Amino acid sequence: MESLLQHLDRFSELLAVSRTTHVRTWDPVTVRRALQWARYLRHIHRRFGRHGPIRTTLERRLHNQWRQEGGFGRGPVPGLANFQALGHCDVLLSLRLLENQALGDAARHYLVQQLFPGPGVPDADETLQESLARLARCGSAVHMLRFNGYRKNLNLQEDSLMKTQAELLLERLQEVGKAEAEGPARFLSSLWERLPQNNFLKVIAVALLQPPLSPRPQEESEPSIHKTPGEGSQALVHWLLGNSEVFAAFCRALPAGLLTSVTSRHPALSPVYLGLLTDWGQRLHYDLQEGIWVGTESQDVPWEELHNRFQSLCQAPPPLKDKVLTALEACKAQDGDFEVPGLSIWTDLLLALRSGAFRKRQVLGLSPGLSSV
Amino acid sequence: MAQDSVDLSCDYQFWMQKLSVWGQASTLETQQDTCLHLAQFQEFLRKMYEALKEMDSNTVFERFPTIDQLLAKACWNPFILAYDESQKILIWCLCCLINKEPQNSRQSKLNSWIQGVLSHILSALRFDKEVALFTQGLGYAPVDYYHGLLKNMVLSLASELRENHLNGFNTQRRMTPERLASLSRVCVPLITLPDVDPLVEALLVCHGHEPQEILQPEFFEAVNEAILLKKISLPMSAVVCLWLRHLPSLEKAMLHLFEKLISSERNCLRRIECFIKDSSLPQAACHPAIFRVVDEMFRCALLETDGAPEIIATIQVFTQCFVEALGKENKQLRFALKTYFPYTSPSLAMVLLQDPQDVPREHWLQTLKLISELLREAAEDQTHGSRRGPLESWFLFIHFGGWAEMVAEQLLRSAAEPPAALLWLLAFYYSPHDGRQQRAQTMMAVVAPCRRGDLQPCGQRHSPAPTEVARDGTPHVAHCPAKRPFFPRVV
């Protein structure tokens with residue numbers, strides 16, 4: 001077992017080095033050894049996929065390495081971050097070496113020979129060649145579908161690019177959570193600082209709307225050890241609640257409908273969301289000349305957007321909808337319980353929502369009952 | 001060898017030109033043209049590889065100075081990379097270009113360049129910067145998630161197609177014809193990639209709302225080819241849709257079956273049945289439009305071969321499989337018999353479609369007499385413009401081998417004077433074009449051997465055991481030496 005772990009350590013180092021200019025010093029023998037180790041680890045993955053204890057030990061070792069390199073908060077994620085990655089560590093290594101132009105002539109020639117031995121060569125690592133060919137083919141497939149058939153789905157949670165990113169995020173969070181209790185929060189914060197924020201927020205929203213994680217296709221034969229569905233989502237909710245500026249950006253950037261879905265699905269978020277909306281509303285004042293509610297600063301949320309969001313929330317299923325209306329009524333009462341427009345934004349909002357609902361019922365041919373609002 | 005080399009040079013020029021025109025295959029014309037040539041280009045690559053692997057890098061460049069350009073152009077065409085094994089062979093060819101011991105910096109640079117191209121082929125996942133940054137930030141490499149991404153894209157497109165199919169009036173969410181056509185073109189190289197099956201199925205089954213066919217014919221051809229070569233497995237509903245939407249595919253499937261039957265050395269009935277069932281045609285024929293086309297092709301084959309017994313045997317086995325498949329269909333979704341046999345009286349069709357085994361022995365004679373009567377009526381129908389008449393009636397009758405067998409059996413078994421109706425049937429079966437007098441003579445000729453117990457028809461299916469062996473003792477096979485099955489062993 002110890003030798004296996006050492007092997008793992010050494011291969012991880014190798015993988016990290018494979019991206020650097022250090023490979024200039026590599027000769028064919030080094031390349032051969034590297035590929036052999038990779039093949040060995042791939043074999044280990046196949047052999048012990050179902051074996052709980054060995055798998056856990058290996059995974060723990062990998063997580064420790066990750067932690068040592070700066071923990072889940074700092075630094076990039078290492079090449080081998082979990083047991084699953086061992087399943088294609090040879091492909092990983094091969095690709096990194098192929099991308100590395102610092103590779104010497106002899107090493108390069110040897111590498112290419114090993115990776116692509118040609119048809120029907122005995123003793124050659126056929127599976128690696130097939131995996132690489134498959135990667136090329138599927139990559140082309142994705143490229144062609146993306147540029148010829150794909151259309152961005154306005155319903156973000158059904159968009160395939162978003163979905164895939166969300167699935168990856170949830171998976172990573174679950175792993176990090178397994179390795180360390182506080183891991184996910186730190187990890188998310190580091191991502192927030194490093195990655196394009198707009199995209200990140202959208203991915204978070206889509207992730208929060210995913211159905212509970214099911215095992216990945218490659219792992220279907222393996223028992224889902226430690227895989228409790230929803231752990232990733234919980235980590236996300238927890239982090240959002242703990243980071244008010246992130247949550248404010250979250251609520252600002254995303255469309256009303258998406259936020260309503262997210263809040264319905266994760267009730268813990270609704271008080272904070274409502275709180276934010278109330279704050280935004282209080283920043284607006286009534287312009288007597290124009291007859292509309294306006295903000296004082298440019299970054300204030302305009303009336304239309306506020307109205308939009310409340311409207312969307314009022315179309316949500318019961319627990320959320322009632323909470324929203326109660327909150328609005330409470331705000332209205334606090335302001336003085338006016339019925340006349342122009343004095344309290346909450347009155348005006350409720351009026352707008354009611355008339356909107358009335359018009360909607362008319363359009364739908366329903367009786368003009370105002371019982372719901 | 002020299003000739004091969006000359007051929008290769010010619011091909012080389014041809015493909016170099018083609019690749020230059022195709023570029024990255026971003027327009028409709030270039031995509032269509034690429035799709036038409038995918039298989040041939042792969043063949044060319046294979047031949048190239050066979051030639052290149054024998055040479056060292058310097059020789060390669062002496063022989064084909066622009067080979068690096070040719071291969072690079074191929075790499076930029078995603079259709080080529082996506083097709084079958086082309087990406088693999090392309091990589092092998094590129095590997096042949098690598099100089100094992102570069103003598104100067106130029107050769108070294110070339111090696112670097114080749115490495116770059118190889119890397120490019122393998123990193124075909126090119127994304128929006130944001131997505132790439134995100135996945136990298138999470139520590140994932142494309143190899144970790146390409147499978148999941150492809151699956152998500154395929155499922156999302158398939159469900160969009162299905163929605164488009166069902167959602168008649170919501171024009172906002174409709175898929176434009178251009179997009180559909182584009183999607184079908186893009187699927188052509190990907191047909192044999194199992195991950196794309198749900199999309200192929202959705203394209204076949206969901207036909208949107210335009211009155212004319214939108215999907216590209218290359219797509220249908222490619223799917224059909226893959227089905228015939230068993231390189232894809234689609235549900236029956238999708239296959240039926242394919243054959244209904246694209247007639248040449250159905251015809252090709254039939255021709256493929258004929259070829260298999262012809263090229264197979266010894267065709268026993270069991271083998272024929274295997275081939276036929278394997279082709280999925282009997283099941284598909286439960287849809288009347290398909291049945292009619294198939295039947296028409298059988299008819300043509302029969303006329304072309306002058307009534308060859310092999311074709312008759314095939315028709316009989318096919319009909320048997322067809323009736324079996326029909327029986328398994330949902331009763332409520334069944335079409336009326338008239339749609340399968342529009343020129344036959346419903347009563348005749350119904351009686352013929354019965355399984356002879358299902359008829360109790362006591363009723364055999366009665367049933368056969370009825371068949372004889374109805375068939376005679378149809379055969380002797382001289383009405384101008386009717387589609388009945390001797391040939392059509394005969395064609396109908398030979399579909400059902402079981403009845404002719406039963407006639408023979410009845411004639412053999414009964415000691416009494418054979419009924420004229422049965423004799424007529426038998427004579428008609430073997431010789432539909434005879435005039436009245438000729439047929440009467442034939443009938444007389446049959447009577448004598450019947451009395452003797454010598455009658456042995458050939459090419460029948462459930463023949464009772466004694467007639468399995470021919471007169472001269474050799475085991476009976478449906479492949480009859482004589483072209484016309486005119487009582488070969490009787491007269």
Side-chain angles (χ1 to χ4, degrees), chain A residues 76-79 81 84-85 88 91-92 94-95 98-99 101 103 105-106 108-109 112-113 116 118-119 129-133 135-151 153 158-161 163-165 167-169 172 191 194-196 198-200 203 216-218, chain B residues 26 49 53 78-79 81-82 85 87-88 91-92 95 98-102 108 111-112 115-116 118-119 121-127 129-131 133-157 179 182-183 185-186 189-190 193 195-196:
Chain A
V77 182
Q84 202 168 287
H88 45 249
V91 174
L92 262 173
S94 310
L95 290 174
L98 265 180
E99 278 163 15
Q101 286 287 339
L103 207 57
D105 278 313
R108 177 194 298 128
H109 185 248
V112 166
Q113 255 186 341
F116 309 112
Q129 184 172 247
E130 290 306 315
S131 305
L132 291 168
L135 175 63
R137 193 175 186 201
C138 290
S140 266
V142 168
H143 176 83
M144 288 203 295
L145 286 176
R146 172 99 172 82
F147 291 106
N148 287 283
Y150 171 76
R151 194 184 54 183
N153 199 326
E158 286 165 21
D159 182 79
S160 44
L161 274 178
K163 254 187 101 165
T164 313
Q165 289 177 87
E167 283 165 7
L168 293 176
L169 178 63
R172 214 26 128 212
L191 289 175
R194 288 188 284 132
L195 302 176
N198 216 336
N199 188 52
F200 188 35
V203 174
R216 289 233 292 215
Q218 297 106 288
Chain B
S26 40
Y49 174 64
K53 75 177 184 194
F79 281 73
L81 287 182
E85 299 195 315
Q87 72 290 128
K88 209 163 35 174
I91 289 175
W92 292 339
C95 293
I98 292 192
N99 206 316
K100 190 163 179 167
E101 270 147 39
S108 218
N111 282 357
S112 275
Q115 183 185 344
L118 286 172
S119 180
I121 296 176
L122 291 166
S123 63
L125 277 181
R126 284 155 282 222
F127 276 121
K129 210 160 190 310
E130 286 183 332
V131 177
L133 279 171
F134 186 78
T135 49
Q136 272 167 33
L138 283 179
Y140 285 112
V143 64
D144 293 311
Y145 62 82
Y146 75 89
H147 190 257
L149 178 58
L150 184 57
K151 186 179 86 155
N152 281 344
M153 288 181 91
V154 166
L155 288 178
S156 152
L157 284 166
R179 198 161 151 236
S182 179
L183 207 51
R185 269 196 309 275
V186 155
L190 297 172
L193 190 59
D195 310 76
V196 177

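Naming convention: chains lettered A, B, ... in sequence-line order (proteins, then strands); numbering from 1 in each chain. What's counted below: heavy atoms across the whole structure, side chains too, no hydrogens, waters or symmetry copies. Please read these numbers as outputs of a predicted model, since none were measured by experiment.
- Taking 4.5 Å as the limit, every side-chain heavy atom of A:N148 sits out of range of all side-chain heavy atoms of B:R185.
- Applying the salt bridge (Lys or Arg N to Asp or Glu O under 4.0 Å) criterion to A:R108, with sequence neighbours excluded, gives A:D105.
- Between chain A and the options B:P102, B:G116, B:A141, B:G148, the largest number of non-hydrogen pairs under 4.5 Å is found for B:P102.
- Considering only heavy atoms from C-beta on, A:L132 comes within 4.5 Å of A:V91 through its side chain.
- For a residue to count as touching a neighbouring chain, one of its non-hydrogen atoms must lie under 4.5 Å from one of that chain's; by this rule B:S156 touches chain A with the side chain only.
- Contacts of B:Q87 with chain A are made by side-chain atoms alone, with heavy-atom separations under 4.5 Å and no backbone atom involved.
- For B:K100, the NZ atom sits in a loose shell: 12 or fewer heavy atoms of surrounding residues, nucleotides or ligands are nearer than 6.0 Å.
- At a 4.5 Å heavy-atom cutoff, the contact between B:L157 and chain A is made by side-chain atoms alone.
- Interface remark: of the candidates A:D159, A:L103, A:L161, A:L161 forms the most heavy-atom pairs closer than 4.5 Å to chain B.
- For the options B:L193, B:L183, B:L118, B:D195, heavy-atom pairs under 4.5 Å to chain A are most numerous at B:L193.
- B:Y49 meets the ring-ring contact (aromatic ring centres under 6.0 Å, His included) test with B:W92; sequence neighbours excluded.
- In terms of heavy-atom proximity, B:Q115 sits nearest to A:L98 at NE2-O, 2.8 Å.
- In terms of heavy-atom pairs under 4.5 Å with chain B, the best-connected choice from A:K163, A:Q101, A:Q113 is A:Q101.
- Contacts between B:I91 and chain A at a heavy-atom distance below 4.5 Å involve the side chain alone, from C-beta outward.
- Contact count against chain B (heavy-atom pairs under 4.5 Å) is highest for A:L195 among A:L95, A:N198, A:L195.
- The shortest side-chain heavy-atom distance between B:E101 and A:H109 does not fall under the 4.5 Å cut-off.
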